[in-house]
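Throughout, protein chains are lettered first and strands after them, A, B, ... in sequence-line order, and every chain is numbered starting at 1. Since the structure is predicted, the reported quantities are computational estimates derived from the model, not experimental observations.
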Amino acid sequence: MELPKSYSHKDLEAKWYRRWTEAGAFAPANHAGRYFSMVIPPPNVTGSLHIGHALNNTLQDILCRYKRMDGYRVLWVPGTDHAGIATQNVVERQLAEEGLTRAQLGRAKFIERVWAWRKQSGSTILHQLKALGASCDWSHERFTMDEGLSQAVRETFVRLCEDGLLYRAERLINWCPRCKTALADIEVTHEEVDGSLWHIVYPLWDDPSKGIEVATTRPETMLGDTAVAVHPDDERWREFIGKSLRLPIVGRRIPVIADPFVDREFGTGALKITPAHDFNDFEIGEKHNLKRINIFDAEARIAPEAFVEEFGQEPVWMQRYFGKERYEARKLVEAELQERQLLKRRDRHRHAVGKCYRCSTPIEPYMTPQWFVRTKPLAAPAIEAVREGRIRIVPEGWANSYFAWMENIKDWCISRQIWWGHQIPAWYCAACNEQHISRSATGDYLILKGAQPIVGREAPKSCPGCGGADFLQDPDVLDTWFSSALWPFSTLGWPQATDDLKSFYPTSALVTSFDILFFWVARMIMMGLKFMGDVPFRDVYIHALVRDQEGQKMSKSKGNVIDPLAVMERYGADAFRFTLAALAAMGRDVKLAEERIQGYQNFVNKLWNAARFVLMNLTIANIEAQKLRERLDGEKLNPADQWILSRLAVTIGKAREAIDSYRFNEYAHHLYQFTWHEFCDWYIEMSKLALNSGNENERLRTERVLAEVLENILRLLHPVMPFVTEEIWQALREKLGAGKREEANGKSGPILMLQPYPGPEPKWAAPEVEERINLLMEVTRAVRNLRAEMNVAPSKEVSVTLVGADDKVAFLRSHESYLRALARVSRVEYLTDGARPKGAATAVVGEVEVYVPLGDMVNVGEEKTRLEKELSRTEEELARVRRKLGNSDFVAKAKENVVRREKEKAEEFQDKIRTLHLSLGRLGEIEQIGEKP
RNA sequence: GGGCGGUUAGCUCAGUGGGAGAGCAUCGGCCUUACAAGCCGGGGGUCACAGGUUCAAAUCCUGUACCGCCCACCA
């Protein structure tokens, strides 16, 4: 079978993916050897494949395919994350389009609806991964809300509770008024905004003519103020300390307290204290035993309850505020203060605002009972594991961020007031907690602070307190990241003691992006150590974010997204994967422009055409590809063959080194360089001579080398470009005589995907041959260069004279046919010494001088200019080398080989200068002749 | 406020102590029977700036500027 003239990825990709699947090539059971395992960073079920997933999974797949070929039992566990808030938001938006809210639907119906949605479109993203070529073991696919994983979640929750690492308490937490749920600290992103700083006067209780001027960015929260704090040493306010103020608008009597926390330099040096709606104020409030007045409802609207409690009835003077959301209330407060002439100033002020990482709504510090994980005891061993190198973070710079975060870790708020997720396995006896349960008309209920939870793997049968059997389960669900934290072992069957766990835990590597280092990686390490007693993975490879060519984050709103599916459709998965690998340099963002992919598509095409060349020239048959090498060892190889095999051996070494250290870009680069610029540009061109020599032995030998090198290239490239390499490999195999029979029998034959990865080939190393072929290549380039510079038409053949050291010239003479073919030279003459051709364009390659006679076709003046330029360039270089050698410190202190090389250089430059001078002199003669006809 | 990273050719980026590199773009020449998605050749850079260490610095150290990111309770 010959390969078609051009490569068409469209049908082939699906064909090979199917074939690999049918061959069971993704399952670890089919391989023997050491274990290699990875778990996929589970994409959100809501998602579709974006460029970040593409990069992440391409790198993982490269590792898996490499390790699989290299003899490991590879397990790559795929799956998806239920993504609590994100998914709930998506389904809520769908409902909104139907004019429904989740409240109207009710909890049970809503969850049903989410499940239906996830069933229908939840695996979209995994199908898209298949288009990318991801070699996951699909029989191991998991979902963070699978029954097995739910069991793992309940198990960990109960055990953490038993170990005192879990508690429920009322704390000031980050609240998203849009999602109406608590968030963990890291789920809040801080954004700088241009805001204002309001200066407000709080009059003295006893003497309203005097007052304290406070400065605040959030005037609306003053309704909840319970004190004003000043620095104890601040002269301006000293006399006020201990006195009472009348809180404007509300009329509350609040004290002036002294606290060194207050920054005298900022604003007026007086800080209003709102313990229920500011984290700093909360702490100060706790210290000074201040009242915490919650002025908001769950949607951050001013709620009357606290004021009713305070004043015994709804304060009529505050009527206009009730029910108003934060920013509206802010305007009203500002207006009323203005009216009362208590608003002194409003300055422009830039400051950071915390926003919900899911919906960008400004978060509200809010007092609610929540569940927390005590993280310090979990963090300590997690820090140690990285510090001791039991987990290696690559690039290691990220370890600093990891340590910094872990060492300052705060308790993790894990409860969310949403419906989609793992409902917390805690129950409350309805009878015992009657006064702590608030029921709404719709049947929903809230568990207030002070309620006594019973934590268990399942609902309790009866209350140990009263014996009652009426229980309400905690309505909250767990943070999505709680179940993701268990992913490396929950997906392998934990809490059951499975074979998978025994074989594949700890996993070998985790490939992820830095933006979830704290969300996910850190927590997996804590949980893995806690519940498995061992690290969840050995290596963490952290890759960059994909940005557009301007370095902007890709986002739909900016319209700069590159859709991986569209790209693959257009350029093929292989070109896309190769591009991602080539751009994945460590510690840098990946800036992706579509032209890059196009560029690497050319490489796919180049490989394809090289393969076509090899295949159309193969006459040998009945040799299995795998046996090529054995045959090759018996051959008498010529220097060109030895050279390409030596280069191949070097490339194999570099490729292994690069991939073993997660340097994907270097991997891609080395293979690109070897395939294109060594194999195609030189070896294939040289091979044409042997193939057309008419010498049967030479021809067969060259065919074998071509096939051997191509086959190695295919195996080396397969991890990055699985589809095209498989297609070519199969064609090669068939051409070599194997495969046909099996296909006729309907059996599936060998696949490249499961061939051994090229090993080190020390016997191919031939540095001295490389050196000689290098000379030949340089002389060839010199001739080409002279022709181009002298504008000699490519069709015009020229003769060349070579002058130089005996051994060099002898080698060049024995390979004259290459020079003739590669540089389009008709005749080569050799002079070992003495005479030089008259009137020739000159180049110097090491110890060899290259002359191309000018004849009558060249402008003598141009050649003279060219030589003079070359001469001055060489003189500059010589001067630099001489300066170095003239420096006694250099000669004394530099390494010997460095000095030696400099000396060699000096000699080389001197020779070159001498030659150039001679050539210039001879040109002068011609000029004179020309002038005197 | 703290930390991390970046600054190298027109663009995107490799390169961690000894002669400045790649891809793309550009210019010139080629339809040479694997490939014009190609071949051959060329031009282009005081390696951000200023000091320092060293025989030797794009590379190590210090500082500065600009850009980006992360963390942080200055209202």
Side-chain angles (χ1 to χ4, degrees), chain A residues 3 5-7 185-186 189-190 197-198 214-218 221 229 261-263 265-274 278-284 349 351-352 354 365 395 397-398 400-401 404-405 408 514-515 517-518 544-545 547 549 551 553 582-583 585-593 595-596 598-617 663 665-666 669 672-673 677 680-681 684-685 688 781 784-789 791-795 821-824 877 880-881 884 887-895 897-899 901-902 905:
Chain A
L3 292 169
K5 199 146 166 60
S6 66
Y7 174 61
D185 293 338
I186 48 170
T189 57
H190 295 269
L197 191 63
W198 284 267
V214 301
T216 179
T217 55
R218 296 201 60 195
T221 63
F261 169 83
V262 178
D263 179 357
E265 307 299 314
F266 189 90
T268 60
L271 174 61
K272 70 184 211 50
I273 304 296
T274 323
D278 184 282
F279 290 99
N280 291 324
D281 296 3
F282 179 85
E283 274 179 36
I284 293 179
H349 181 63
H351 63 120
W398 287 108
N400 287 330
S401 303
W405 190 75
N408 295 300
F514 63 83
D515 53 344
L517 182 60
F518 307 140
L545 244 43
R547 298 171 186 278
Q549 51 195 332
K553 226 170 178 171
L583 296 181
M586 271 196 209
R588 248 207 226 243
D589 289 339
V590 176
K591 287 186 199 164
L592 185 67
E595 300 91 77
R596 312 279 302 183
Q598 204 168 3
Y600 287 114
Q601 186 190 25
N602 294 351
F603 178 60
V604 175
N605 190 248
K606 187 73 182 177
L607 175 68
W608 182 259
N609 282 302
R612 278 181 59 224
F613 174 83
V614 173
L615 288 181
M616 71 177 58
N617 279 290
R663 285 197 280 266
N665 61 321
E666 288 183 18
H669 174 77
Y672 183 99
Q673 198 63 24
H677 297 306
C680 291
D681 285 356
I684 284 187
E685 292 308 317
K688 288 174 183 173
R781 277 196 208 102
R784 285 170 176 168
N785 179 304
L786 289 176
R787 295 181 58 124
E789 297 267 331
N791 294 318
V792 178
S795 51
L822 299 174
R824 304 203 128 225
E877 290 190 84
R880 207 183 53 232
V881 173
K884 260 189 172 177
N887 182 337
S888 57
D889 278 332
F890 172 73
V891 180
K893 293 182 184 175
K895 275 174 276 181
N897 64 324
V898 174
V899 177
R901 200 156 54 218
E902 290 298 316
K905 263 192 274 181

Exercise for the section: Using a heavy-atom cut-off of under 4.0 Å over every strand shown, decide if A/Val262 touches base, sugar-phosphate, or nothing. Expected result: base
Problem - Under 3.5 Å donor-acceptor pair, A/Glu685 side-chain atoms to B/A34 base atoms - result: yes
Completion exercise
From NZ of A/Lys688 across to C1' of B/U32 the rounded distance in Å is 8 Å
Practice task
Run the numbers on A/Trp405 and A/Ile186 for side-chain contact (heavy atoms from CB on, under 4.5 Å), then give the verdict.
Solution key: CA-CA 10 Å; A/Trp405 190 75; A/Ile186 48 170; 3.6 Å; yes
Practice task
Would you classify A/Arg787 as touching base, sugar-phosphate or nothing, given that sugar-phosphate means primed atoms plus P, OP1 and OP2, and contacts are heavy atoms under 4.0 Å?
Solution key: nothing
Practice task
Rounded to whole angstrom, note down the P distance from B/A75 over to B/U16.
Solution key: 42 Å
Problem - Partner nucleotide of B/C66 by Watson-Crick or wobble geometry (both distances under 3.5 Å) - result: B/G6
Fill in the blank from the handout: When both distances are under 3.5 Å in a Watson-Crick or G-U wobble arrangement, the nucleotide paired with B/G1 is B/C71
Problem - Closest listed nucleotide, where the reference is the side chain of A/Asn602 and the choices are B/A75, B/G38, B/A34 - result: B/G38
Problem - Closest contact, heavy atoms only, A/Ala823 versus A/Arg787 - result: O-NH1, 3.5 Å
Exercise for the section: Would you indicate whether the side-chain heavy atoms of A/Glu283 and A/Phe279 approach each other to under 4.5 Å? Expected result: no
Fill in the blank from the handout: Partner of B/A34 under the Watson-Crick or G-U wobble criteria, both distances under 3.5 Å, comes out as none
Problem - Closest listed nucleotide, where the reference is the side chain of A/Ala788 and the choices are B/G23, B/C73, B/G41 - result: B/G41
Practice task
Could you please name the option among B/G18, B/C55, B/A72 that lies closest to any side-chain atom of A/Lys895?
Solution key: B/G18
Exercise for the section: Using atom OH of A/Tyr672 as one end and atom P of B/G21 as the other, report the distance to the nearest whole Å. Expected result: 18 Å
Practice task
Mind checking A/Arg781 for me? I need base, sugar-phosphate or nothing, with any heavy atom below 4.0 Å counting as a touch.
Solution key: sugar-phosphate
Exercise for the section: Between A/Asp278 and A/Gln673, name the one whose nearest nucleotide on RNA chain B is closer to the 5' end. Expected result: A/Gln673
Handout entry: Interatomic distance, A/Phe890 CZ vs B/U54 C1' [rounded to whole Å]
Key = 13 Å
Practice task
With the side chain of A/Phe613 defined as its heavy atoms from C-beta on, choose the nearest nucleotide among B/A75, B/G18, B/A34.
Solution key: B/A34
Problem - Candidates B/G15, B/A72, B/C55 - which lies nearest the side chain of A/Glu666 - result: B/G15
Exercise for the section: Output yes when at least one side-chain N/O atom of A/Lys606 is less than 4.0 Å from OP1 or OP2 of B/A34, else no. Expected result: no
Practice task
Check the distance between B/G5's P and A/Asp515's CG and give it to me in whole angstrom.
Solution key: 18 Å
Practice task
Identify the nucleotide, in any strand shown, that forms a Watson-Crick or G-U wobble pair with B/G41, with both distances under 3.5 Å; if there is none, say none.
Solution key: B/C27
Problem - A/Leu822 and A/Arg784, any side-chain heavy atoms less than 4.5 Å apart - result: yes
Practice task
Could you please name the partner base of B/C13, counting Watson-Crick and G-U wobble pairs only when both distances are under 3.5 Å?
Solution key: B/G21
Exercise for the section: Decide side-chain contact (heavy atoms from CB on, under 4.5 Å) for A/Phe266 and A/Leu197; before the verdict, give the C-alpha distance in whole Å, the side-chain angles of both, and the deciding distance to 0.1 Å. Expected result: CA-CA 11 Å; A/Phe266 189 90; A/Leu197 191 63; 4.0 Å; yes
Practice task
Could you let me know what B/C47 is paired to, Watson-Crick or G-U wobble, both distances under 3.5 Å, or none if it's on its own?
Solution key: none
Practice task
Under 4.0 Å between any heavy atoms, over every strand shown, what does A/Ala610 touch: base, sugar-phosphate, or nothing? Just pick one.
Solution key: base
Practice task
Would you name the heavy atoms of A/His190 and A/Gly354 that are closest together and state the gap between them?
Solution key: ND1-CA, 4.0 Å
Handout entry: Protein-nucleotide distance (A/Asn897, atom CG; B/G17, atom C1'), rounded to Å
Key = 13 Å
Exercise for the section: Rounded to the nearest 0.5 Å, what's the gap from CZ on A/Arg612 to OH on A/Tyr7? Could you check? Expected result: 14.5 Å
Practice task
Provide, to the nearest angstrom, the distance between the CG atom belonging to A/Leu822 and the C1' atom belonging to B/C39.
Solution key: 12 Å
Practice task
Would you kindly give the CG-to-P distance between A/Asn408 and B/C4, to the nearest whole Å?
Solution key: 15 Å
Problem - Between B/G52 and B/G68 - C1' atom distance, rounded Å - result: 28 Å
Exercise for the section: Could you work out the separation of B/U59 and B/G6 based on their P atoms and round it to a whole Å? Expected result: 13 Å
Problem - Minimum-distance nucleotide to A/Asn665 side chain [options: B/A14, B/C35, B/C39] - result: B/A14
Practice task
Provide, to the nearest angstrom, the distance between the CG atom belonging to A/Leu583 and the C1' atom belonging to B/C11.
Solution key: 13 Å
Exercise for the section: Could you check A/Asp681 against A/Arg612 and say which one's nearest nucleotide on RNA chain B is further toward the 5' end? Expected result: A/Arg612
Practice task
Report the base-pairing partner of B/A58 (Watson-Crick or G-U wobble, both distances below 3.5 angstrom), or none.
Solution key: none
Practice task
Tell me what A/Phe279 touches on the nucleic acid: a base, only sugar-phosphate, or nothing, going by heavy atoms under 4.0 Å.
Solution key: nothing
Problem - N or O in side chain of A/Arg596 less than 4.0 angstrom from B/C24 OP1/OP2 - result: no
Handout entry: Closest approach of A/Val881 to A/Glu902 (non-hydrogen atoms, all atoms of both residues)
Key = CG1-O, 3.2 Å
Practice task
Could you tell me whether A/Thr216 contacts a base, only the sugar-phosphate backbone, or nothing, with contacts defined as non-hydrogen atoms closer than 4.0 Å?
Solution key: sugar-phosphate
Practice task
Using a heavy-atom cut-off of under 4.0 Å over every strand shown, decide if A/Asn605 touches base, sugar-phosphate, or nothing.
Solution key: base
Handout entry: B/C61 versus B/G18 - spacing of their P atoms, nearest Å
Key = 15 Å
Problem - For the student: nearest non-hydrogen atoms of A/Thr274 and A/Asp281, plus distance - result: N-OD2, 2.7 Å
Exercise for the section: Determine the interatomic distance between P on B/U64 and the same-named atom on B/A72; round to the nearest Å. Expected result: 25 Å
Practice task
Considering only atom P, compute the distance from B/A14 to B/C55 and round it to an integer number of Å.
Solution key: 32 Å
Practice task
Check every atom of B/C24, B/G19, B/A75 against the side chain of A/Lys905 and return the nucleotide holding the closest atom.
Solution key: B/G19
Exercise for the section: Using the P atom on both, measure B/U62 against B/C4 and round to a whole Å. Expected result: 11 Å
Exercise for the section: Mind checking A/Phe261 for me? I need base, sugar-phosphate or nothing, with any heavy atom below 4.0 Å counting as a touch. Expected result: base
Fill in the blank from the handout: Picking from B/A34, B/A75, B/A72, the nucleotide nearest the side-chain atoms of A/His351 would be B/A75
Problem - Under-4.0 Å side-chain N/O to phosphate OP1/OP2 contact, A/His677 with B/G23 - result: yes
Handout entry: P atoms of B/C35 and B/G28, separation to the nearest Å
Key = 26 Å
Practice task
Give one of base, sugar-phosphate or nothing for A/Asn785, where a contact means two heavy atoms less than 4.0 Å apart.
Solution key: sugar-phosphate
Practice task
Return the orientation label for the A/Tyr600 and A/Tyr672 ring planes: parallel under 30°, perpendicular over 60°, tilted otherwise.
Solution key: perpendicular
Completion exercise
Among B/C71, B/G19, B/U32, the one nearest any side-chain atom of A/Glu902 is B/G19
Practice task
Assign A/Ile684 to base, sugar-phosphate, or nothing according to its heavy-atom contacts below 4.0 angstrom with the strands shown.
Solution key: base
